[in-house]
Structures are given as structure tokens and as C-alpha cells.
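This report refers to the structure that appears directly beneath it.
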Amino acid sequence: MDLELKGRRALVTGSSSGIGEAIARMLAREGCAVVVHGRNRERAEKVAADIRAAGCAIGDLSTDAGAAAVHAEARAALGDSIEILVNNAGGSSTGNSSRAPIEISPDQFISNYHANALSSVRLCRHAVPDMVAAKFGRIINISSAVAVQPNNLGTDYSGAKAALNNFTVSLAGSLKGVGVTVNTVSPGIIMVDGMIRWGRQRYGDDHLTIEEITQRMAADKIFELPPAGRLGTPEDLALVTCMLASPLSGFVTGANYRVDGGQVRSVN
């Protein structure tokens, strides 16, 4: 199926590795002019060269100045406004994924909120006016399954992602009839490179496959396998993101697409 993405202009934040890199690669394969974003220029430029991207934008999106600089650099690299904005940058900015809620300070909550919610808000504030003027835009915010099904740890991260989900719905509702859609993609447990390295180190075998690592971790009750019977890959997220980025998805907005193999046990 032709997603009609050829020639479209996209910025994918946090795309120098992991999920963001997979999204940038797939958009580029679909014919998009892609700007790769990261905080490490060497890593971002390596990905950009590999996928023949339009360019790189380097900066920290947890500050207003950083987001403004990234938007300006991306816009210059694309030679025009951004049509597709994938807000993927984030993560547990304070490393609190294993800490109980009462152990996390208010400042650490705020730090995660800047990294995982306000980073997207900042870029949307810059990109949306151009999208409205062009009567076309696609915004995809990468959230998390824990935004709707939080566990007992890392509440600073899950709370920030819950705020991002709410922002998505509100922004979509405010952009009625202007050709701009806003959606969320929420991954479950994804086998990114860091998780694969951790699994191989844990089991002392550098040649373990993703499937072997998954089965061993499930047997050790590190997590419960979702109904799909496996963990997700960055490409699983990229497929759904590309679908939402397509001009053909104009009737889909304000939605949260769970890409979690059935991890979240709810009807929505």
C-alpha cells in the first residue's frame, strides 16, 4: 500500500537510536525528507548519513531555548515547514524507573515532566502554526503503556506520559477542520538495543537472540509476556507511526494507539 509519504517533510525527535531511529528509517524508506534529532551530534549524524536524511537537529528539548533551536535547525534543513512531527524524545530523565513514588523528589517529577511532556508541547507550539497555514500536518506523540496502566515504580515517568496523552487529545480537539491530526502511539515493553545488551550481559552470552532473551526473562519473571507472545520491536512502533503520518489517515485524530502486544488490559 502506498502511504503517499513521498516528498513529505518530517522531524523525528530522539531519533539517533532506538524507537526514534526505527521511525526515522521507515519514514525515509517511504520517501520522506527526514531530519534526525538527538543531543549527541556524532550519533545523530551517523544515522542521518545512513538513511540519507535531509539533515540533523541537535539540542535539548527540555528547555524553551533548546526546542526553539531544534525547530529552527530542522526547518532550515528541510527548506520549508515541518509537515510531520514525531515527538519521541524523552525517557526516564532521572533514572527513577526502579524507585518507589515516595522516594522521588518533586524536582525529579518536574524534570521528567519537562523531558516527557513539555518537550512535545514546545515543539508543537513552533510547528503547528505552519501546519495550520498549509492546511496539512501530522503530529505523533510517542507515549507509553504506563500512562494508562502505571506500575508501582517510576511514577514520575508514567505521570508525565499521562499528561502527554491528555495534551494530545486537547490539541487534536482544538485543531478542527484545519487538516492537522494529533495522535499518540503507546509502546509496551520494547526490545531496544540497550535492553538486548542488558539481557546478554545478564545471561553471559553475547550471541543470544531477541527471542532467547525474551523467553529467559519471562521464565525469570522479570516481566509477563503479553498475549502476543513476544515483546515489541522498534519496527512495530515505526509501522504504526508511518500509518498515522500518512495523508491517508486524515480521519484519525485524538486517538491513542497501543502497540503493546496486549499488555494493557483494557478496552481503550
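Treat the numbers as computed from the prediction; the structure is a model and nothing was measured.
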Task: Other residues, nucleotides, ligands: >12 heavy atoms within 6.0 Å of Asn152 CG - done: no

Task: Qualifying ring pair (Phe, Tyr, Trp, His ring centres under 6.0 Å) pairs, either residue in residues 241-264, two or more places apart - done: none

TODO: Could you tell me which non-hydrogen atom of Pro187 sits nearest to which non-hydrogen atom of Ile142, and how far apart they are?
DONE: CD-CG2, 4.1 Å

Task: Backbone N/O of Ile222 and side chain of Asp220: donor-acceptor pair under 3.5 Å - done: no

Task: Sub-4.5 Å side-chain heavy-atom contact between Asp2 and Leu248 - done: no

Open item on the list: Could you go through Thr155 and Phe109, starting from their C-alpha distance and side-chain angles, then the distance that decides it, and tell me whether this counts as side-chain contact (heavy atoms from CB on, under 4.5 Å)?
Closed with: CA-CA 8 Å; Thr155 55; Phe109 271 93; 3.5 Å; yes

Open item on the list: Any non-hydrogen side-chain atom of Phe136 less than 4.5 Å from a side-chain atom of Val180?
Closed with: no

- [ ] Find the distance between CE (Met191) and CH2 (Trp198) and round it off to the nearest 0.5 Å.
- [x] 9.5 Å

Open item on the list: Count I, L, V, M, F, W, Y as connected when their side-chain heavy atoms are under 4.5 Å apart, and connections chain through other members. Are Leu239 and Leu27 then in the same cluster?
Closed with: no

Which donor-acceptor pairs under 3.5 Å do side chains of residues 225-235 form with protein atoms, sequence neighbours excluded?
residue, atom, partner, partner atom, Å
Arg230, NH1, Asp236, OD2, 2.9
Arg230, NH2, Asp236, OD1, 3.3
Arg230, NH2, Asp236, OD2, 3.3
Thr233, OG1, Glu235, N, 3.4
Thr233, OG1, Asp236, N, 3.3
Thr233, OG1, Asp236, OD2, 3.3

Task: Over all atoms of both residues, closest heavy-atom pair of Gln263 and Ile189 - done: OE1-N, 3.1 Å

TODO: Might you work through the side-chain contact (heavy atoms from CB on, under 4.5 Å) test for Ile139 and Val128, ending with a clear yes or no?
DONE: CA-CA 9 Å; Ile139 298 170; Val128 165; 3.7 Å; yes

Open item on the list: Rounded at 0.5 Å granularity, tell me how far CG in Asp206 sits from CZ in Arg197.
Closed with: 11.5 Å

Open item on the list: What verdict does the side-chain contact (heavy atoms from CB on, under 4.5 Å) test give for Val148 and Asn256, after you've listed the backbone C-alpha separation in whole Å, the side-chain angles of each residue and the deciding distance to 0.1 Å?
Closed with: CA-CA 10 Å; Val148 297; Asn256 178 23; 4.3 Å; yes

Task: Smallest separation among heavy atoms of Asp156 and Gln108, with atom names - done: OD2-O, 4.0 Å

Compile the donor-acceptor pairs under 3.5 Å between side chains in residues 75-85 and protein atoms, sequence neighbours left out, one pair per line.
residue, atom, partner, partner atom, Å
Arg75, NE, Asp130, OD2, 2.8
Arg75, NH2, Asp130, OD1, 3.4
Arg75, NH2, Asp130, OD2, 3.1
Glu83, OE1, Arg9, N, 2.9
Glu83, OE2, Arg8, NH1, 2.8

TODO: Would you tell me whether Asp107 and Ser105 have side-chain atoms, one donor and one acceptor, within less than 3.5 Å of each other?
DONE: no

Open item on the list: I'd like to know whether CZ of Arg200 has more than 12 heavy-atom contacts from other residues, nucleotides or ligands below 6.0 angstrom.
Closed with: yes

Task: Path from Ile23 to Val34 over hydrophobic side-chain contacts below 4.5 Å - done: yes

Open item on the list: On a heavy-atom basis, which atom in Gly254 and which in Asn183 lie closest, and how many Å separate them?
Closed with: N-OD1, 3.3 Å

- [ ] Name all pairs fulfilling the side-chain hydrogen bond (donor to acceptor under 3.5 Å, both in side chains) condition that reach into residues 166-175, sequence neighbours left out, sorted by first residue then second.
- [x] Asn141-Thr168, Thr168-Thr184

Open item on the list: Hydrogens and angles aside, do Thr13 and Asn88 bring a side-chain donor and acceptor to less than 3.5 Å of each other?
Closed with: no

Open item on the list: Restricting to non-hydrogen atoms, name the atom on Thr214 and the atom on Phe223 that form the minimum distance, rounded to 0.1 Å.
Closed with: O-CZ, 3.7 Å

Open item on the list: Just so I know, are the side chains of Lys46 and Asp50 near enough to count as touching, which here means a heavy-atom distance under 4.5 Å?
Closed with: no

Open item on the list: Could you see if Leu61 belongs to whatever hydrophobic cluster contains Val182? Use Ile, Leu, Val, Met, Phe, Trp, Tyr and a side-chain cutoff under 4.5 Å.
Closed with: yes

Open item on the list: Using a strict threshold of under 4.0 Å (side-chain N to carboxylate O), is an ion pair present between Arg25 and Glu21?
Closed with: yes

TODO: Indicate if Val12 and Val121 have the same hydrophobic cluster label, given that clusters are the connected sets of ILVMFWY residues with side-chain heavy-atom separations under 4.5 angstrom.
DONE: no

Task: Flag, side chain of Arg138 to backbone of Pro247, donor-acceptor distance under 3.5 Å - done: yes

Task: Point-to-point distance, once rounded to the nearest 0.5 Å, from OH of Tyr113 to OH of Tyr157 - done: 15.0 Å

Open item on the list: Quick check on the hydrophobic clustering: are Met26 and Val240 connected, directly or via other members, by side-chain heavy-atom contacts under 4.5 Å?
Closed with: no

- [ ] Could you list the residues that satisfy salt bridge (Lys or Arg N to Asp or Glu O under 4.0 Å) with Arg122, not counting sequence neighbours?
- [x] Asp64

- [ ] Could you tell me whether the side chain of Leu244 reaches within less than 4.5 Å of the side chain of Val252, counting heavy atoms only?
- [x] yes

- [ ] Return the set of residues passing ring pair (Phe, Tyr, Trp, His ring centres under 6.0 Å) with His126 (not counting sequence neighbours), or none when no residue passes.
- [x] His71

TODO: Look up atom CZ in Arg41 and atom CZ in Arg43, then write down how far apart they are to the nearest 0.5 Å.
DONE: 14.0 Å

TODO: Quick one: do Arg258 and Ser266 satisfy side-chain contact (heavy atoms from CB on, under 4.5 Å)? Show the steps, please.
DONE: CA-CA 11 Å; Arg258 298 202 311 264; Ser266 73; 3.6 Å; yes

Open item on the list: Once rounded to the nearest 0.5 Å, what's the spacing between atom CG of Leu164 and atom CG of Asn87?
Closed with: 7.5 Å

Open item on the list: If you compare all heavy atoms of Asn165 against all heavy atoms of Ser143, which two are closest, and at what distance to 0.1 Å?
Closed with: OD1-OG, 2.7 Å

